[in-house]
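Accompanying notes for the structure given below.
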Amino acid sequence: MLATVVTGCGSEAGPDYQAQLSSVQAQESSAAANEKFAADAMLADQHINAVQGPERVAEFTAITQNSCPGSVLANRLAKLKAENKIDGLTYAPGKRTEIIGAHTEADPNHVLVVLRNRAPAQQQQPQAIVMRVKLGTNAGKKCVSEVERV
């Protein structure tokens with residue numbers, strides 16, 4: 001009877017490699033989650049222009065709840081509300097926003113979101129817009145602290 005024995009190279013670096021691999025996988029998972037969160041936040045931010053009345057107020061409230069308390073974004077939203085300017089935001093019926101992509105920057109809490117807005121009345125070809133979404137946390141929950149056009 002012939003027996004075959006398969007052995008692998010042994011190394012004391014095995015646990016270190018596994019720990020590094022787990023760390024990289026965790027970073028990639030976190031980056032993917034941040035990118036999705038930032039992209040979803042930008043969709044909501046852009047969609048508010050496609051609705052009016054109570055639906056706009058509801059979307060504004062959702063965006064406000066998604067912002068980090070005391071942040072640049074939260075302060076800007078509070079000012080809009082205090083000055084009764086929510087209904088003064090541009091109204092673009094039928095506007096659709098498509099996310100082209102999202103990419104985490106060197107700072108894992110900064111995500112570049114590339115989007116394009118399309119509206120039925122739009123005469124020219126829609127151009128890509130790049131937004132930097134800065135994320136934070138509030139009570140262990142992810143939130144948006146600032147949004148800026150790049």
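Because the structure is a prediction, the values reported are computed rather than measured. No hydrogens, no waters, no symmetry mates; every other heavy atom, side chains included, goes into these values.
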Q: Apply the test side chain to side chain contact (heavy atoms under 4.5 Å, CB included) to residues Thr61 and Gln65: give CA-CA distance (whole Å), side-chain angles for both, the deciding distance (0.1 Å), then the verdict.
A: CA-CA 6 Å; Thr61 301; Gln65 291 171 344; 3.8 Å; yes
Q | Derivation of the side chain to side chain contact (heavy atoms under 4.5 Å, CB included) call for Leu135 and Phe37 | A | CA-CA 9 Å; Leu135 304 176; Phe37 185 84; 3.7 Å; yes
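Remark: Asn66 pairs with no residue by the side-chain hydrogen bond (donor to acceptor under 3.5 Å, both in side chains) rule, at least two apart or across chains. For Lys36, the side-chain hydrogen bond (donor to acceptor under 3.5 Å, both in side chains) criterion is met by Asp40, not counting sequence neighbours. Leu115 is linked by a side chain to side chain contact (heavy atoms under 4.5 Å, CB included) to Met42, Gln46, Thr97, Ile99, Val113, Asn117, Ile129, Met131, counting only residues two or more places apart in sequence or in another chain. Considering only residues two or more places apart in sequence or on other chains, Asp87 meets the salt bridge (Lys or Arg N to Asp or Glu O under 4.0 Å) condition with none of them.
The main-chain N or O of Thr90 is found under 3.5 Å from a side-chain atom of Asn49 such that the two form a donor-acceptor pair.
When the side chains of ILVMFWY residues are joined at heavy-atom separations under 4.5 Å, either directly or via intervening members, Val133 and Leu43 end up in a single hydrophobic cluster. Two different hydrophobic clusters hold Ile63 and Val72 under the rule that ILVMFWY side chains link at heavy-atom gaps under 4.5 Å.
When only modelled atom types and interatomic distance are considered, His47 and Glu59 share a side-chain donor-acceptor pair under 3.5 Å.
When side chains are defined from C-beta on, Leu112 does not count as touching Val114, because their heavy atoms never get closer than 4.5 Å. Between Phe60 and Leu80 the shortest side-chain heavy-atom distance falls below 4.5 Å.
Applying the salt bridge (Lys or Arg N to Asp or Glu O under 4.0 Å) test to every pair with at least one member in residues 88-101, sequence neighbours left out, gives these pairs: Glu98-Arg116, Glu98-Arg118.
For the atom pair OG of Ser71 and CG of Leu77, the computed distance is 7.5 Å after rounding to the nearest 0.5 Å.
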For residues 141-150, which side-chain donor-acceptor pairs fall under 3.5 Å, sequence neighbours excluded?
{"residue": "Lys142", "atom": "NZ", "partner": "Asn34", "partner atom": "OD1", "Å": "2.7"}
{"residue": "Ser145", "atom": "OG", "partner": "Lys134", "partner atom": "O", "Å": "3.0"}
{"residue": "Glu148", "atom": "OE2", "partner": "Arg132", "partner atom": "NH1", "Å": "2.9"}

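When all heavy atoms are compared, the tightest approach of Leu73 to Ser67 is CD2-CB, 3.8 Å. Closest non-hydrogen pair, Gly70 versus Asn75, comes out as O-ND2, 3.6 Å.
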